[in-house]
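Everything below concerns the one structure shown next.
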Amino acid sequence: MPESDLKTRVADARGHLSKSALSNLIGADRMQAESGKRFSVEDPATGEPLAEAADSAAADVEAAVAAARAAFEMGPWAKMKPTERGRLIWALADALESHAEELAILESLDTGKPYQEALTIDVAIAASELRYMAGWANKVEGRTVPSSAEGEWLIYTERRPIGVVAAITPWNFPLMMVARKAGPALAVGCTVIVKPAEQTPLTALRFGELALEVGFPPGVVNVLLGHGEAGAALVAHDGVDKVTFTGSVDVGKSIVGGSAGNLKKVTLELGGKSPMIVFPDADLDAVAAGTASAIFFNAGQCCTAGSRLFVHERLREPLVARIVEIGQGLKLGGGFDDGVTLGPMISAAHRERVDGIVQAGLAQGADCATGATAPDRDGYFYAPTVLTGTRPGMDVVDKEIFGPVLCVQGFEDDDLDAVAAQANKTAFGLSGSVWTRDLATAHRMARRMTPGMVYVNLHNFSEPGMPFGGTRQSGWGRECSEDTLDAFCETRSVVVNLG
Ligand code: NAP
Ligand code: MG
């Protein structure tokens with residue numbers, strides 16, 4: 001789209017948002033919260049308000065669950081053939097693509113991320129993950145089980161949709177997370193209530209509206225706006241059969257407790273503190289570009305962000321210098337600014353948290369190679385930051401910061417077990433990367449690493465067919481791929497006495 005058209009469309013979108021109050025989407029109805037309460041959604045690149053949104057509470061959760069239950073148990077969705085479900089999911093992917101510019105504008109306004117990234121990464125991946133899941137809709141098979149019991153028996157299994165799914169999503173990749181959770185749920189025949197993060201409701205709502213437009217029956221995709229309380233009420237509700245959550249470890253743990261009432265099933269994607277291990281034979285240019293992108297992409301607000309760099313002493317100084325240079329060369333700005341490459345933190349509170357951890361690290365003896373400051377400008381920006389001399393026991397090393405903050409540690413040891421032991425020393429286990437030109441070192445190291453995803457000569461990667469998720473406190477279960485389908489199914493065994 002030409003630059004001037006984009007500026008006009010952004011201005012139109014801002015104008016439209018400022019005049020309208022965002023409503024919940026429950027069944028086919030757009031509804032304000034029953035209490036009439038609203039909250040303000042802001043533009044993190046300026047700190048200015050963008051829109052007002054319905055602030056849902058228990059009564060609204062009740063209505064959304066009733067709509068999702070009715071759609072699951074009765075009506076066209078419950079009777080729909082798998083191929084038809086697949087066709088609708090595919091049509092929704094088409095709709096995301098035909099509305100790609102509109103969705104990318106909304107995503108960029110809501111998160112502050114560069115518009116081009118929203119367009120070519122967020123919206124594009126959301127559509128491709130839906131397409132992948134559309135293909136699964138008519139392939140969710142059972143099996144037959146040979147019997148050794150006396151007599152003649154037929155035993156077979158069916159994988160049934162689990163029921164009503166609450167998808168509680170974060171603010172870092174808002175649309176992509178909704179698609180990632182709704183896609184498999186819809187493919188197997190569940191109904192969904194999406195609760196987007198309070199900071200970023202815009203694209204989740206459009207996702208729900210587009211689902212209705214392409215022909216999903218009302219109640220199959222519902223969108224409930226609001227704060228964590230609305231999420232907690234969904235988690236506690238007996239009419240919800242499954243929660244799929246992405247967000248913080250603390251909320252993940254509260255969801256485990258909150259779901260105990262009806263023992264609903266839970267999957268959790270909770271982030272990490274991912275190591276990047278650089279061996280001395282690695283290609284310096286490629287490592288510098290790859291590791292800098294691993295921590296600075298999306299302003300470090302990625303669950304897989306490469307936040308702990310372990311680099312062999314022979315490469316440490318030149319690599320740190322190159323990453324610092326790349327960090328200092330990033331262009332901070334709002335999503336629609338010319339040539340912007342680094343957006344803001346999502347909120348004032350989040351930037352304060354990021355800076356608090358960084359300042360504590362400096363007070364504990366870390367050295368600052370660059371950054372560790374909030375630039376003096378509107379919006380919630382934080383300078384790309386590289387800290388050296390960090391060690392386990394410091395919060396900068398142990399806690400997920402979720403900002404553009406890299407901790408560097410050197411190693412001299414050539415013993416892979418010793419290097420792996422350092423990298424694996426974390427409460428998390430989402431991802432990790434190995435950088436080397438030596439094939440055996442790469443695979444031997446990958447084998448010694450504990451995260452759910454290991455990358456070789458890259459960091460941060462997602463593919464609809466690749467299982468995505470982590471070990472330890474990075475969560476429960478896997479998203480994407482065939483592996484995620486069972487998280488939305490119950491297996492039913494049927495035994496037939498053949499006489
Ligand atoms: P969060 O509180 O865990 O929020 C994630 C989602 O959970 C949001 O939709 C949130 O709603 C909802 N929620 C909050 N409290 C809830 C509760 N008691 N029951 C059910 N749902 C609840 O995350 P955050 O506070 O925005 O971010 C804090 C930290 O979480 C970040 O610094 C980062 O470390 C981590 N994080 C990880 C990921 C990831 O991709 N794994 C993504 C985002 C954040 P509200 O937004 O309305 O509170
Ligand atoms: Mg926002």
Side-chain angles (χ1 to χ4, degrees), residues 33 37 39-42 44 53-58 60-61 110-111 122 166-174 176-178 180-181 193-201 204 223-237 240 243-260 264 266-274 297-305 307 345-358 380 382 395-396 398-405 427-431 452-453 460 462 468-470 473-477 479:
K37 283 193 187 156
F39 65 96
S40 178
V41 180
E42 62 180 7
D55 194 356
S56 304
D60 311 293
V61 167
D110 220 359
T111 61
D122 295 68
I168 302 179
T169 54
W171 40 257
N172 52 346
F173 296 97
M176 209 202 288
M177 292 298 118
V178 172
R180 184 166 289 183
K181 293 177 186 310
I193 303 166
V194 179
K195 207 303 276 175
E198 70 200 51
Q199 296 89 345
T200 56
V223 184
L224 199 64
L225 310 179
H227 291 90
E229 294 75 41
L234 275 172
V235 168
H237 202 294
V240 173
V243 176
T244 167
F245 170 78
T246 297
S248 61
V249 172
D250 287 348
V251 172
K253 288 178 181 174
S254 84
I255 286 175
V256 171
S259 61
K264 57 177 65 67
V266 174
T267 41
L268 305 169
E269 206 275 89
L270 305 179
K273 192 76 188 177
S274 298
F297 169 62
N298 214 40
Q301 300 170 120
C302 296
C303 49
T304 50
S307 48
M345 303 286 88
I346 193 66
S347 64
H350 184 52
R351 180 173 67 176
E352 203 173 302
R353 180 179 169 276
V354 169
D355 190 49
I357 300 176
V358 169
Y380 309 128
Y382 200 74
D395 279 357
V396 274
D398 296 343
K399 283 201 173 161
E400 181 176 53
I401 298 178
F402 232 61
V405 181
F428 295 101
L430 190 58
S431 75
M453 295 176 283
N460 272 349
S462 116
F468 187 103
Q473 293 190 36
S474 287
W476 285 353
E479 298 200 282

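Remember, it's 1-based here, ligands and their atoms both numbered in the order they're listed.
Closest protein heavy atom to atom 26 (O) of ligand 1: W171 NE1, 2.5 Å. Residue, atom and distance of the protein heavy atom nearest to atom 7 (O) of ligand 1 are F245 CE1, 3.1 Å. Nearest protein neighbour of atom 38 (C) of ligand 1, counting heavy atoms only, is F402 CZ, 3.3 Å. Counting protein heavy atoms only, atom 46 (O) of ligand 1 is closest to E198 N, 2.9 Å. In this structure, the protein non-hydrogen atom closest to atom 11 (O) of ligand 1 is K195 NZ, 2.8 Å. Closest protein heavy atom to atom 34 (O) of ligand 1: E400 OE1, 2.7 Å. Atom 29 (C) of ligand 1 has S248 CB, 3.7 Å as its closest protein atom, hydrogens excluded (heavy atom only).
Listed by number with element, the atoms of ligand 1 under 4.0 Å from a non-hydrogen atom of E269 are 41 (N). Each of the following atoms of ligand 1 lies closer than 4.0 Å to a heavy atom of Q199: 46 (O). In summary, the atoms of ligand 1 found under 4.0 Å from a heavy atom of S254, numbered by their order in the structure, are 18 (N). With ligand atoms numbered from 1 in the order given, ligand 1 contributes 32 (O) to contacts under 4.0 Å with heavy atoms of R353. Which parts of ligand 1 touch G231 is read off a 4.0 Å heavy-atom cut-off, strictly below it: atoms 19 (N), 20 (C), 21 (N). Taking every heavy atom of P196 and a limit of under 4.0 angstrom, the matching atoms of ligand 1 come to 9 (O). Within ligand 1, counting atoms from 1 as listed, the ones closer than 4.0 Å to a heavy atom of P170 are 42 (C), 43 (C). Near C303, meaning under 4.0 Å from one of its heavy atoms, ligand 1 places the atoms 39 (C), 40 (O), 41 (N).
The closest side-chain donor-acceptor pair between S431 and T304, if any, does not fall under 3.5 angstrom.
Residue H350 places a heavy atom less than 4.0 Å from ligand 1. The shortest separation from a heavy atom of G258 to ligand 1 is not under 4.0 Å, leaving the residue out of contact. A heavy-atom separation below 4.0 Å is not found between F173 and ligand 1. Assignment of C302 to the shell around ligand 1 is not supported, since no heavy atom sits closer than 4.0 Å.
Between D110 and P174, the closest side-chain pair of non-hydrogen atoms is not below 4.5 Å.
Rounding to the nearest 0.5 Å gives a distance of 13.0 Å between CG of D395 and CD of E400. Taking CZ of F297 as the reference point, atom CG of N460 lies at 7.0 Å (rounded to 0.5 Å). To the nearest 0.5 Å, atoms NZ (K195) and OG (S56) are separated by 8.5 Å.
In summary, the aromatic rings of Y380 and H350 are positioned with their centroids too far apart to meet the 6.0 Å limit. Side-chain rings of W171 and F402 approach one another, their centers coming within less than 6.0 Å.
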(request) Begin from the C-alpha positions of I168 and V235 and carry the test side-chain contact (heavy atoms from CB on, under 4.5 Å) through to its verdict. (result) CA-CA 9 Å; I168 302 179; V235 168; 3.7 Å; yes

(request) Apply side-chain hydrogen bond (donor to acceptor under 3.5 Å, both in side chains) to K181 and T246, showing your working. (result) CA-CA 9 Å; K181 293 177 186 310; T246 297; 2.8 Å; yes

(message) Please determine whether side-chain contact (heavy atoms from CB on, under 4.5 Å) holds for the pair I346 and Q301, giving the CA-CA distance in whole Å, both sets of side-chain angles, and the decisive distance to 0.1 Å.
(response) CA-CA 9 Å; I346 193 66; Q301 300 170 120; 3.9 Å; yes

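Selection from G228, S56, G272 by nearest heavy atom to atom 13 (N) of ligand 1 gives G228. For atom 37 (C) of ligand 1, the candidate residues are G247, A232, G271; the nearest heavy-atom contact is made by G247. Comparing N298, V251, T169 by heavy-atom distance to atom 9 (O) of ligand 1, the nearest is T169. The closest heavy-atom contact to atom 5 (C) of ligand 1, among the options L268, T246, V249, I168, comes from T246.
The main-chain N or O of H237 is found under 3.5 Å from a side-chain atom of K264 such that the two form a donor-acceptor pair. In terms of modelled atom types and a separation under 3.5 Å, the side chain of T267 and the main chain of G477 share no donor-acceptor contact.
Taking every heavy atom of both residues into account, L234 and V240 meet most closely at O-CG2, 3.6 Å.
Within a 4.0 Å radius of atom 41 (N) of ligand 1, the protein contributes at least one heavy atom.
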